[in-house]
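Read the structure below first, then the notes.
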2 protein chains.
Amino acid sequence: MSGRQSGGRPTLEEVAALAGVGRGTVSRAINGSPRVSRQAKEAVARAVAELGYVPNQAARALAGSRTDAVALVIPETEARIFSEPYFLDLIRGVSAELAEADKQLLLTLVRTEAERQRFEHYLAAQRVDGVLLASVHGDDPLPDRIARLGLPVVMNGRRSEAEPVAYVDSDNIGAGRAAVAHLAGRGRSRIATISGPLDMYVARARLGGYRAGLAEAGIKPDESLVATADFTEEGGRLAMRELLERAPGLDAVFAASDVMAAGARGVLREAGRRVPEDVALVGVDDSTVARLMDPPLTSVRQPIEEMGRTMTRLLLQKIAEESRADAASRQGEGEEPRRVLPTALVVRDSS
Amino acid sequence: MSGRQSGGRPTLEEVAALAGVGRGTVSRAINGSPRVSRQAKEAVARAVAELGYVPNQAARALAGSRTDAVALVIPETEARIFSEPYFLDLIRGVSAELAEADKQLLLTLVRTEAERQRFEHYLAAQRVDGVLLASVHGDDPLPDRIARLGLPVVMNGRRSEAEPVAYVDSDNIGAGRAAVAHLAGRGRSRIATISGPLDMYVARARLGGYRAGLAEAGIKPDESLVATADFTEEGGRLAMRELLERAPGLDAVFAASDVMAAGARGVLREAGRRVPEDVALVGVDDSTVARLMDPPLTSVRQPIEEMGRTMTRLLLQKIAEESRADAASRQGEGEEPRRVLPTALVVRDSS
DNA sequence: ACGAGGAGTGGGAGCGCTCCCACAGTACTC
DNA sequence: GAGTACTGTGGGAGCGCTCCCACTCCTCGT
């Protein structure tokens, strides 16, 4: 009953002893440093396998000051409003990319202001190497605050046209244009739109795309054909009623989300307008909802999972640069990366 | 330019110096130990505020061997199949409960066998204090393996009637019974069902509930009215076609998920059967899909978010017990907790 | 022949905490 | 008046890593 009782998990030290090398060598071998002889590497590998050694993450983080974890922040309010598959797809992309890089995902749903504060606190506790931010509102100060903390950040979507913080967005303007071009191509000329709340850039961009699309199709814009809602089904319903009242002659509707389109569809049915014969309908998101609607909804697809992947790739890149530059005082600081991914129209029976 | 340059974040030591007390006292004050005088507590609080001190998580984890983080594991394949809002709701519940306890959520989507292995690796790296497991299959060995690692586990759903590992499930048998009782109450007597894959307990339980419901309504069971699918829309479609062929006289269908119900609804329409006049339809999940279907789908609601909360509460409890017992060799080990939460029928126009 | 330089290595010195032991001070008891 | 029992407190000893310096061999060049 002597010596080191292997009560807990094995440590670096024990691996070193078994492999017959020093601690430093084991550390280097495990972290893939080139400064290790083949023999040493093999001896370490054997010892690791035999002991079932796994490096202790806390010790690593403490000594090396990197956590190999990344936070993804999702505002809870948004999570309810947005068509639900959105965030799952995003998470899927982020998770896939992180797994490849052998990093962990810390998911934070932020509900209240108090939780927001607490979240900033966590960041200060150095639990993560970087932050991904989903669906920020126009006036959200969080991105800047995190950046000021010295933590790399990448956002999904942007707060305005000229966003200073790194972001990955989908081509929302293109989405609006594509929808209108499609409707115009089907011979529609009284094309209405149900927009999202205008304090969100995504809503303004889609509306801008709608207007650009009209111009390109040579259709005179008419403000009575523009209604604003809040991305909810109920909002879509209200907006549709308003539109029917203001412009009963409309023959097409571009809704800035599938869920609002679903609301609108209900109102159209109640009003006795057939889809697509009387009114053509196009949404955005290409969600499950779109596929299951009757008739199935034509919708502009965003590459959500791909956005998740791209964000993550950018973030990991920033993290890597940061740790390299580090003492170099980060003079260059470089450009904040921006990516705008293309959208695609998925034509179904509603148009 | 002398003394300690406060280059990085402040440490415990600096707080102690400023407060004029020892390191131990600061640690005790911060962790809410009762063995601290009021004055000391206040001095520490002031110093913490002044310096903006936040404890370093890695150091804490290393010294105290607890991470204040919990992993939630979701098999990726399931995430695609299940009606999507399910996991978001679950995450929401887990996240809310963890936030209250000031713990972090590590989300892991497991795609491949390789990622599974890697995940077990992470567990061994002592990154989390416990594990939540979502939607386990009948023969999944993961729960037992984790338990054997000495980590507390709670599952969402169970693998069989007699599940040895702690779990939180919804009353799937009750769901089936309620659906059938409702349909029978509406005067239907040729009630069919579209079941999930029978290697999943949840599918067997709902099917069992269906049978129990028939018995209670005094309806003779008929195996030609039972079809098995895989929880997908396409599966629901195929199963519905099969049912119409085998039992053209059916007047109601209980689908074990909303998504399958949506598939079935399409087939019914193609076959010229009106819902609910000719065939009444009931699903399970009460998802967005159900609300948006035409007609809106009657569905059995599961308290998903509440399941997430309950799982988390149970897990945190286990973690607390574990750290308390610890040296006590955990002789009692106690009963593994189990919870079965009630479901509720939401009646809409499809029945 | 000898020194310069690189490859490979061992191990000390932390990283910032928690745990725990020792000890001072105060408040009792008999 | 000396013992006993607390409450508070300071600070040493780690936790298991990474970083880095110092050291030993080589292999070259001249």
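Chain naming here is simple, since letters A, B, ... match the order of the sequence lines and numbering starts at 1 in each.
Between the CG atom of A:Leu62 and the C1' atom of C:dG16 there is a distance of 6 Å, rounded to whole Å. Atom CD of A:Gln126 is separated from atom P of C:dG16 by 8 Å (rounded to the nearest Å). For the pair A:Asn56 CG and D:dG14 P, the computed distance is 18 Å after rounding to whole Å. Atom CD in B:Glu13 sits about 12 Å away from atom P in D:dG10, given to the nearest Å. Here C:dC15 presents its P atom at 11 Å from CD of B:Glu14, a figure rounded to the nearest Å.
By the side-chain hydrogen bond (donor to acceptor under 3.5 Å, both in side chains) test, A:Thr312 pairs with no residue at all, sequence neighbours left out. When the side-chain hydrogen bond (donor to acceptor under 3.5 Å, both in side chains) test is applied to A:Arg339, no partner is found at least two apart in sequence or on another chain.
Axis orientation changes by 50° from one end of the helix from C:dA1-D:dT30 to C:dT29-D:dA2 to the other, with each end axis drawn from 5 pairs and the value rounded to 10°.
A salt bridge between B:Glu14 and B:Arg9 is absent, with no side-chain N of the basic residue lying under 4.0 Å from a carboxylate O of the acidic one. A salt bridge is absent between B:Lys103 and B:Glu97: the closest approach of a Lys/Arg side-chain nitrogen to an acidic carboxylate oxygen does not fall below 4.0 angstrom. Between A:Asp169 and A:Arg158 a salt bridge is recorded (basic side-chain N to carboxylate O distance below 4.0 Å).
Within the structure, salt bridge (charged side-chain N to carboxylate O under 4.0 Å, His left out) pairs that include any residue of residues 39-56 of chain A comprise A:Arg38-A:Glu42 (at least two apart or interchain).
Listed by residue number, A:Arg35, A:Val36, A:Ser37, A:Ala40 are the residues of residues 35-50 of chain A with a heavy-atom contact under 4.0 Å to DNA chain C.
The closest side-chain heavy-atom distance from A:Leu18 to A:Tyr53 is not below 4.5 Å. In this structure the side chain of B:Val54 reaches within 4.5 angstrom of the side chain of A:His121, judged on heavy atoms. In this structure, B:Val15 and B:Ile30 have side chains that are not in contact, with every pair of non-hydrogen atoms separated by 4.5 Å or more.
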If you restrict it to nitrogen or oxygen atoms, what contacts under 3.5 Å exist between nucleotides 18-22 of chain C and the protein, and what is each distance?
residue : atom : partner : partner atom : Å
C:dT18  : OP1  : B:Asn31 : ND2          : 3.1
C:dT18  : OP1  : B:Arg60 : NE           : 2.9
C:dT18  : OP2  : B:Ser27 : OG           : 2.7
C:dT18  : O4   : B:Arg23 : NH2          : 2.9
C:dC20  : N4   : B:Arg28 : NH1          : 3.3

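The phosphate of C:dG10 (OP1 or OP2) has a side-chain N or O of A:Thr25 nearer than 4.0 angstrom.
Within a 6.0 Å sphere centred on CZ of A:Arg111, heavy atoms belonging to other residues, nucleotides or ligands number more than 12.
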Practice problem: Take A:Glu100 and A:Leu316, measure what side chain to side chain contact (heavy atoms under 4.5 Å, CB included) needs, and give me the verdict at the end. | Solution: CA-CA 11 Å; A:Glu100 278 171 32; A:Leu316 293 178; over 6 Å; no
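Toward the 5′ end of DNA chain D lies the nearest nucleotide of B:Pro34, the other residue of the pair B:Pro34 and A:Pro10 mapping further downstream.
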